[in-house]
Amino acid sequence: ASFFEDAVALLHTHPYAPNEVVKNQDCLEKRNWDVEKRGGYPIYRPAGPSDQDFKVSKSVSLPLYTLDTENIYITSETDTTAAQAESISRCGF
């Protein structure tokens with residue numbers, strides 16, 4: 001049986017607000033971000049779901065909901081670019 005057999009959708013979170021400076025050491029290490037070499041911390045600039053988000057959604061044939069602190073991005077398993085993903089304001093939810 002598949003791990004996703006009874007799933008109806010996938011959920012992924014981005015714990016930042018748009019344009020927020022990312023200082024979380026775990027995130028920096030995961031992305032191999034060297035603050036000194038790059039001249040500072042990265043800024044979270046959401047452009048919708050990442051390429052990896054699309055690959056996951058497509059590979060399991062389920063919609064993917066990606067949440068940051070301000071938006072919900074809905075990716076269908078047939079979407080292939082961020083422009084195709086629907087974006088909804090969270091309005092405090």
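Side chains included, hydrogens not; waters and symmetry mates left out as well; all remaining heavy atoms used. The shown structure was predicted, so the numbers you read here are calculated from the model rather than taken from an experiment.
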Report yes if the side chains of Leu67 and His12 come closer than 4.5 Å at any heavy-atom pair, otherwise no.
-> no
Working for side-chain contact (heavy atoms from CB on, under 4.5 Å), residues Leu10 and Val60 | CA-CA 9 Å; Leu10 303 174; Val60 296; 3.5 Å; yes
Kindly say whether Tyr73 contributes a backbone atom to a donor-acceptor pair with the side chain of Asn71 at under 3.5 angstrom?
-> no
Judged by atom type as modelled, is there a donor-acceptor pair below 3.5 Å linking the side chain of Ser57 to the main-chain atoms of Leu62?
-> yes
Do Tyr16 and Ile43 belong to the same hydrophobic cluster, where Ile, Leu, Val, Met, Phe, Trp and Tyr are linked whenever their side-chain heavy atoms lie under 4.5 Å apart, directly or via other members?
-> no
Does Val8 belong to the same Ile/Leu/Val/Met/Phe/Trp/Tyr cluster as Tyr65, with side-chain heavy atoms less than 4.5 Å apart forming each link?
-> no
List the atom pairs, with distances to 0.1 Å, where a side-chain N or O of residues 30-42 and a protein N or O form a donor-acceptor pair under 3.5 Å, not counting sequence neighbours.
unit_1	atom_1	unit_2	atom_2	d
Trp33	NE1	Gly40	O	2.8
Asp34	OD1	Glu36	N	3.0
Asp34	OD1	Lys37	N	3.0

Between CG on residue Leu64 and NZ on residue Lys55, distance to nearest 0.5 Å = 14.0 Å
Atom CD of Glu20 and atom OG1 of Thr69: how far apart are they, to the nearest 0.5 Å?
-> 6.5 Å
Have Tyr44 and His14 got a donor and an acceptor in their side chains that come within less than 3.5 Å?
-> yes
